[in-house]
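Working notes for the structure below.
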Amino acid sequence: MALEKIQKANDIKDLQPEELKILADEIRQFLIEKISVTGGHLASNLGVVELTMALHLVFDLPDDKLIWDVGHQSYTHKLLTGRKAGFDDLRKYGGMSGFPKRKESDCDAFDTGHSSTSVSAGLGYVAARELMGETYNVVSVIGDGSLTGGMAYEALNNASRLKSNFIIILNDNNMSISENVGGMSRYLNGLRTAQAYTDLKKGVEDTLMRIPVKGERIVHQVRKTKSGIKQLFVPGMFFEDMDITYLGPVDGHDLRSLVKILNEAKRVDHAVLVHVLTKKGKGYLPAEENPARFHGTGPFDIETGEPKEKAEKDSYTDVFSKVLTDIGRKDEKVVAITAAMADGTGLSRFARRYPQRFFDVGIAEEHAMTFAAGLAAGGMKPVFAVYSSFLQRAYDQTIHDVCLQNLPVFIAVDRAGLVGSDGETHQGVFDLSYLSSIPNMTVMSPKNRWEMADMVRFAVDFPYPIALRYPRGEAYEGMRDFRAPIEYGKSEVLYREKDVAVFFVGHMADTADRVRRKLKEEGISCSLINVRFVKPLDRETLDSFAQDHELFVTIEENVLTGGYGEQVLEYLSSSGASVRVKNFGISDDYVEHGNVDVLRREVGLDWESIAAEAVKEYQAIKRKDR
């Protein structure tokens, strides 16, 4: 078996040519078998097997630097650098990450997880190389979907000034997660059909070179006018016009052609872009036919491609999707926006029903937010559905374009809190802090599926900026009997007793309820409050409970710094209240990948840990009182 011969970086160079095709097949089979058990990013990895092999054949790792944009397509790279054994624990707590990690291997040159970053990072490496007088190669791999992100163009603009080699691989599969949209997608469609130019150029040059004496001089003159010739065959010549040499397109599943063109790219003395055409899901029919579903998949049956565990209950995303679509039927001013995540955010349903009022702007969260602001200024009711982790990219636009003008943009913040297996780059544990810091912003979070539906309706008609924060996964169906009407800025009191008051944010409802029950078992009276609104802070309820409670416990799946609990602590301190406050959230650190329940135990956000600390804190108060 060829794969068995790969134990460390550069071992692929020792294989015989006939073994390389076998290796590609074995890698695909290995990935399908492993990911069917652990879950992970399948389609994107199947699409870059030959490309990754070619990169490892041409370059020497870790001396040369290979940077993967986003990084979810780095599984073959991990295999070729000796990490085969790690796939049994892929994306599990303490196991191998599904993304490149510098702390995991010297062959991972840069940590990635969000899109459109690889060219910028590569440029940094190139500048460092030149300043330190070193000679290694720098290669950035970026997908065509990531070219909808503005940061990629900022980097390309700077790459055009280089006077030394920098290789950019454009992995073009016509997909990000969903199918690509917009002008760049149309442009690349033109380039995919530009093989006629490549063939013609080679034929003309070969013919001219055969002319005695003057052949080379003529070829030189023709090359000087190459831009003019290319304009006849290739629409726009966007990259060449930026002084970035364009090579391709090349079949991304033809290993020999890939090796040849990469060696050509190494000889260019400035920035060069290699356009590689790949098929997402290559080699596994269910993933080829439905690459979006196999972008990030849970465990599945290999024969059918069907998930091993089918969700029987609605997720928070499902509730959002159904309610928003129903609202859209009644209110033609409601419009929906996604940044290349129509399926993931649940907006596909709205898009099918109201295609004229649905906008997929591609991987461009910054643009999406300001676009939403423009829609709102124009009299529409924009709903921008976005993962918490990706919303971070639009922080500036949220401040300056939405909230400064106090425009009615509804931000549906999906995947908030701990999301699990994707790890540090995808955990949505900062949004309460950064959203709460913005003037004119309202932030709320639902305790269960019914409150989620009520909050979506509330947010759509809210006349100012508002964010609704909810987690990944099954919508909580507990506390069904508690459904007080939503009143702006007001918490919901579920139980009013004395001694300890537990304030919880959103999907920490079940955890908080279990904490309360444990405290009562210990003989401690306990009130339970559903915060509902993180901003504005419900000072009236805090003042009321501070009068007859000795301890406040706050529970949120967000970093403690700048979170709800810290706001409570600051307010009570300034108001002179004597009640003690114990905050539970995530400490000042990044949370790695793993099962959400495991991660909660690790960070101390499981109900047992919280209850034990709350009991200890209350008992300390009582001892002091004596």
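A salt bridge links E451 with R532; the closest basic N to acidic carboxylate O contact falls under 4.0 Å. Contact check on E492 versus R483 returns no salt bridge, with no Lys/Arg side-chain nitrogen under 4.0 Å from an Asp/Glu carboxylate oxygen. Using a 4.0 Å cut-off between charged side-chain N and carboxylate O, R83 and E104 make a salt bridge. By the 4.0 Å N-to-carboxylate-O rule, D314 lies close enough to K322 to be salt-bridged with it. One finds no salt bridge joining D301 and K308 here, because no Lys/Arg side-chain nitrogen approaches an Asp/Glu carboxylate oxygen to under 4.0 Å.
E366 places no side-chain N or O within 3.5 Å of a backbone atom of Q397 that could act as its donor or acceptor partner. Side-chain atoms of S118 never come within 3.5 Å of backbone atoms of W68 as a donor-acceptor pair (strictly under, hydrogens ignored). Side chain of R415 to main chain of G344: a donor-acceptor pair is present (N/O by atom type, distance under 3.5 Å, no hydrogens or angles). A donor-acceptor pair is defined here as one N or O able to donate and one able to accept, closer than 3.5 Å; such a pair exists between the side chain of T148 and the backbone of G145. A donor-acceptor pair is defined here as one N or O able to donate and one able to accept, closer than 3.5 Å; such a pair exists between the side chain of T398 and the backbone of A394. For the pair D69 (side chain) and S140 (backbone), a donor-acceptor distance under 3.5 Å is absent. A distance-only check finds no donor-acceptor pair linking the side chain of D326 to the backbone of V323 [under 3.5 Å].
Side chain to side chain, S433 and N558 meet the donor-acceptor criterion of an N or O pair below 3.5 Å. Counting only N and O atoms by type, the side chains of D606 and S609 include a donor and acceptor under 3.5 Å apart. E592 and Y93 are not linked by any side-chain donor-acceptor pair at a separation below 3.5 angstrom, with hydrogens and angles left out of the test. Checked by atom type, the side-chain pair T345/D414 shows no donor-acceptor distance below 3.5 Å.
Sparse packing is recorded around CD of E570, with 12 or fewer heavy atoms of other residues, nucleotides or ligands lying under 6.0 Å away. Other residues, nucleotides and ligands contribute over 12 non-hydrogen atoms within 6.0 Å of the CG atom of N290. Other residues, nucleotides and ligands contribute only 12 or fewer heavy atoms inside 6.0 Å of the CD atom of E309. By the neighbour-count criterion of 12 heavy atoms within 6.0 Å, atom CZ of R517 is densely surrounded, having more than that number from other residues, nucleotides or ligands.
Across all non-hydrogen atoms, the minimal contact from T304 to P286 is O-CG, 4.3 Å. The two residues L170 and G143 make their nearest non-hydrogen contact at CD1-C, 4.0 Å. For the residue pair V419 and V596, the shortest heavy atom distance occurs at C-CG2, 3.9 Å. Of all heavy-atom pairs between D422 and T425, the closest is O-OG1, 3.9 Å. Summarising the geometry of D431 relative to S388, their closest heavy-atom pair is OD2-OG, 2.5 Å, with the distance given to 0.1 Å. Of all heavy-atom pairs spanning I302 and I32, the tightest one is CG2-CG2, 4.0 Å.
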- Message: Evaluate Y476 against H507 for side chain to side chain contact (heavy atoms under 4.5 Å, CB included), listing each step before the verdict.
- Response: CA-CA 7 Å; Y476 183 50; H507 62 278; over 6 Å; no
- Task: Go through the steps for D510 and R514 under the test salt bridge (Lys or Arg N to Asp or Glu O under 4.0 Å), then give the verdict.
- Result: CA-CA 6 Å; D510 183 52; R514 291 170 184 260; 3.0 Å; yes
- Criterion ring-ring contact (aromatic ring centres under 6.0 Å, His included) on F110 and Y125, from CA distance to verdict: CA-CA 10 Å; F110 200 80; Y125 258 117; 7.1 Å; no
- Task: Take H77 and D108 through the test side chain to side chain donor-acceptor pair (under 3.5 Å) and record every step on the way to the result.
- Result: CA-CA 9 Å; H77 165 74; D108 293 355; 2.9 Å; yes
- Message: Let's go through E424 and H593 carefully: what are the C-alpha distance in whole Å and the side-chain angles of both, what is the deciding distance for side chain to side chain donor-acceptor pair (under 3.5 Å) to 0.1 Å, and is it a yes or a no?
- Response: CA-CA 7 Å; E424 297 101 321; H593 53 276; 4.7 Å; no
- Message: Let's go through D360 and T338 carefully: what are the C-alpha distance in whole Å and the side-chain angles of both, what is the deciding distance for side chain to side chain donor-acceptor pair (under 3.5 Å) to 0.1 Å, and is it a yes or a no?
- Response: CA-CA 5 Å; D360 184 347; T338 181; 5.1 Å; no
- Test log, rule side chain to side chain contact (heavy atoms under 4.5 Å, CB included), inputs K279 and N173: CA-CA 5 Å; K279 184 174 181 61; N173 56 30; over 6 Å; no
- Task: Give the C-alpha distance, both sets of side-chain angles, the deciding distance and a yes or no for side chain to side chain contact (heavy atoms under 4.5 Å, CB included) between D172 and T278.
- Result: CA-CA 6 Å; D172 180 3; T278 61; over 6 Å; no
- Task: Step by step, work out the side chain to side chain contact (heavy atoms under 4.5 Å, CB included) result for V456 and M452.
- Result: CA-CA 6 Å; V456 172; M452 175 70 184; 4.1 Å; yes
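In this structure, Y316 has its ring center no closer than 6.0 Å to that of F320. Ring centroid separation for the pair Y434 and Y395 comes in under the 6.0 Å cut-off. Ring-centre distance between H114 and F390: below the 6.0 Å cut-off. Taking the six-membered ring for Trp, F371 and F384 have ring centres at least 6.0 Å apart. Annotation: F410 is not in aromatic contact with F462 [ring centroid separation under 6.0 Å not met]. When ring centroids are compared, H295 and H72 come within the 6.0 Å threshold.
With rounding to the nearest 0.5 Å, the separation of CG in L418 from CZ in R472 is 12.0 Å. Between the OG1 atom in T561 and the CG atom in D588 there is a gap of 5.0 Å [rounded to 0.5 Å]. Separation of atoms CG (N448) and CD (E477) is listed at 8.5 Å; rounding is to 0.5 Å. The structure places CD1 of I67 at 9.0 Å from OG1 of T112, a figure rounded to the nearest 0.5 Å. In this structure, T325 OG1 and L347 CG are separated by 8.0 Å, a value rounded to the nearest 0.5 Å. Rounded to the nearest 0.5 Å, atoms CZ (R600) and CD1 (I586) are 9.0 Å apart.
When the options D513, I555, L494, I610 are evaluated for a side chain to side chain contact (heavy atoms under 4.5 Å, CB included) with V502, the one that passes is I555.
Judged by the 6.0 Å and 45° rule, R28 forms no cation-pi pair with Y284.
The aromatic rings of Y564 and F503 lie tilted to each other, with the angle between the two planes from 30° to 60°. Ring orientation note: the planes of H41 and F99 are nearly perpendicular, at an angle over 60° on the 30°/60° scale.
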